[in-house]
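Source: prediction; values computed, not measured. Throughout, protein chains are lettered first and strands after them, A, B, ... in sequence-line order, and every chain is numbered starting at 1. Hydrogens, waters and symmetry mates play no part in the numbers below; they use all other heavy atoms, side chains included.
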Protein chains: 2
Amino acid sequence: MTDSTTPGKRARLVAAAADLLHRQGVQATTIAQVADAATVPTGNVYYYFKTKDDLIRAVIDDRTRQVRAMLDSLRARRSPAARLTALANQWTEMRELVARYGCPFGTLVTELDRRDDGLDVEAAQPIGIILDWAETQFRDMGRTDARELAVAFFAGIQGAALLANALRDPAVMAGQVRHLTRWIATLS
Amino acid sequence: MTDSTTPGKRARLVAAAADLLHRQGVQATTIAQVADAATVPTGNVYYYFKTKDDLIRAVIDDRTRQVRAMLDSLRARRSPAARLTALANQWTEMRELVARYGCPFGTLVTELDRRDDGLDVEAAQPIGIILDWAETQFRDMGRTDARELAVAFFAGIQGAALLANALRDPAVMAGQVRHLTRWIATLS
DNA sequence: GTCTATATTACGATAGAC
DNA sequence: GTCTATCGTAATATAGAC
């Protein structure tokens with residue numbers, strides 16, 4: 001920490017907020033609920049975050065870091081196809097959460113992109129990062145239509161997350177990841 | 001109308017609400033805004049809808065009717081593949097709206113499915129109807145894996161809507177519909 | 001049936017004691 | 001740096017005149 005505030009509290013607030021924003025939605029989540037979940041007095045939240053939007057921004061930044069870490073952890077895999085498949089499997093692992101509350105990255109975009117302050121752009125960052133990364137993988141597979149394939153791939157994941165959520169059925173997510181995996185195998 | 005209330009007002013309120021819920025989101029839209037857009041006094045809304053949730057329910061029912069009408073209008077097409085392609089093209093036509101505010105059906109699901117009252121189930125109906133319809137089309141094409149293909153198809157549409165929205169780029173939606181169209185052509 | 005005025009409540013944010 | 005008490009505002013919903 002750069003200042004002398006209690007190290008744990010800020011992090012606890014961000015973690016609690018991330019969880020609640022995902023499970024309840026941005027607008028439905030109150031500062032009081034976040035404070036309560038993090039065992040911090042309500043008013044004290046404003047010592048760490050000037051406004052609710054500031055707290056939301058911190059959650060988005062946290063999600064963006066998660067995505068970068070996720071992609072970094074895939075670098076060890078031998079082939080681009082293996083990396084893409086491994087990424088898709090992340091959503092299979094999250095399938096119960098996805099079926100109940102939607103994709104943590106996707107729902108954030110949908111909830112925030114109708115604003116015209118900076119938050120809409122920031123919320124879209126995880127999506128943009130993954131899309132660019134997937135494009136690189138397809139390009140490394142020698143495909144000239146890498147961007148189109150990257151969109152088809154990640155749209156397949158995000159769309160399946162929405163359908164799994166609508167139907168409250170984790171199997172929809174898992175089935176689609178299997179479908180995408182087989183599709184990628186036919187490309188290489 | 002079954003009762004003797006002014007026929008235009010209720011319909012105007014639902015239309016104004018549908019538009020605002022899509023463009024601003026459910027929680028961000030107030031009764032006063034809807035009333036204002038429909039040129040109806042704020043308090044008078046409660047004569048037509050007992051609660052805000054009642055108004056939202058009316059909007060969802062309207063969207064469900066839109067979907068049924070859309071699917072009905074596709075029955076004239078000669079082949080299942082032509083029907084599926086024509087459906088996908090609806091999103092290409094909506095691409096500007098989709099890039100700015102998301103898919104009108106998809107965003108409604110994402111915003112409402114975290115609730116446990118009845119609204120979450122109702123909001124998912126348009127999705128379920130389209131998915132079942134798509135499954136029928138693939139089955140009519142002689143495919144035994146019709147459900148899997150229906151999920152892949154509609155997830156491709158909904159996911160692309162989310163990506164187009166995140167990137168604020170209508171071309172993403174149009175490009176993915178072209179991609180899906182070519183994919184369907186390879187199946188028949 | 002239609003509309004105005006207002007009650008009620010809930011939340012974001014602040015002031016100020018410790 | 002921490003916490004309590006509270007202010008101000010905005011939105012849902014209602015009461016009641018016309």
Can you list, pair by pair, the side-chain donor-acceptor contacts under 3.5 Å of residues 103-110 of chain A, counting residues two or more places apart and other chains?
unit_1	atom_1	unit_2	atom_2	d
A:T107	OG1	A:C103	O	2.9
A:T110	OG1	A:G106	O	3.3

Please output the side-chain donor-acceptor pairs of residues 55-72 of chain A that fall under 3.5 Å, not counting sequence neighbours, one pair per line with the distance.
unit_1	atom_1	unit_2	atom_2	d
A:R57	NH1	A:E122	OE2	3.3
A:R63	NH2	A:A18	O	3.2
A:T64	OG1	A:I60	O	3.0

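Ring planes of A:W183 and A:F138: tilted class, angle from 30 to 60°.
Non-hydrogen atoms lying under 4.0 Å from DNA chain C are contributed by nothing in residues 107-120 of chain B. Contacts between residues 13-24 of chain A and DNA chain D, counted as heavy-atom distances below 4.0 Å, involve no residue at all.
Within the structure, the ring pair (Phe, Tyr, Trp, His ring centres under 6.0 Å) test picks out the following pairs touching residues 59-98 of chain A (sequence neighbours left out): A:W91-A:F154.
Qualifying side-chain hydrogen bond (donor to acceptor under 3.5 Å, both in side chains) partners for B:D132, counting only residues two or more places apart in sequence or in other chains: B:R147. When the salt bridge (Lys or Arg N to Asp or Glu O under 4.0 Å) test is applied to A:R114, the partners found at least two apart in sequence or on another chain are B:E111. Residues satisfying the side-chain hydrogen bond (donor to acceptor under 3.5 Å, both in side chains) criterion with A:H179, sequence neighbours excluded, are B:E148. Every residue two or more places apart in sequence or in another chain that forms a side-chain contact (heavy atoms from CB on, under 4.5 Å) with A:D117 is listed here: A:D53, A:R115, A:L119, A:D120. Annotation: salt bridge (Lys or Arg N to Asp or Glu O under 4.0 Å) contacts of B:R95 (sequence neighbours excluded): none.
The side chain of B:Y48 places an N or O atom within less than 4.0 Å of a non-bridging phosphate oxygen (OP1 or OP2) of C:dT2.
B:V98 is not connected to A:L112 by any chain of hydrophobic side-chain contacts under 4.5 Å among Ile, Leu, Val, Met, Phe, Trp and Tyr, and they are in different clusters. A continuous path of hydrophobic side-chain contacts links B:I127 to A:V172 [ILVMFWY only; heavy atoms under 4.5 Å].
Distance OH (A:Y47) to P (D:dT4): 17 Å, rounded to an integer number of Å.
Counting only heavy atoms from C-beta outward, the side chains of A:Y48 and A:V14 never approach each other to under 4.5 Å.
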TODO: If a protein heavy atom is under 4.0 Å from the base, mark B; if only from the sugar-phosphate, S; if neither, -; do that for nucleotides 12-18 of chain C going 5' to 3'.
DONE: SBB----
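Shown here is B:R182, whose CZ atom has more than 12 heavy atoms of other residues, nucleotides or ligands within 6.0 Å.
Between the two ends of the helix from C:dG1-D:dC18 to C:dC18-D:dG1, each summarised by a five-pair axis, the helix axis turns through 10° (rounded to 10 degrees).
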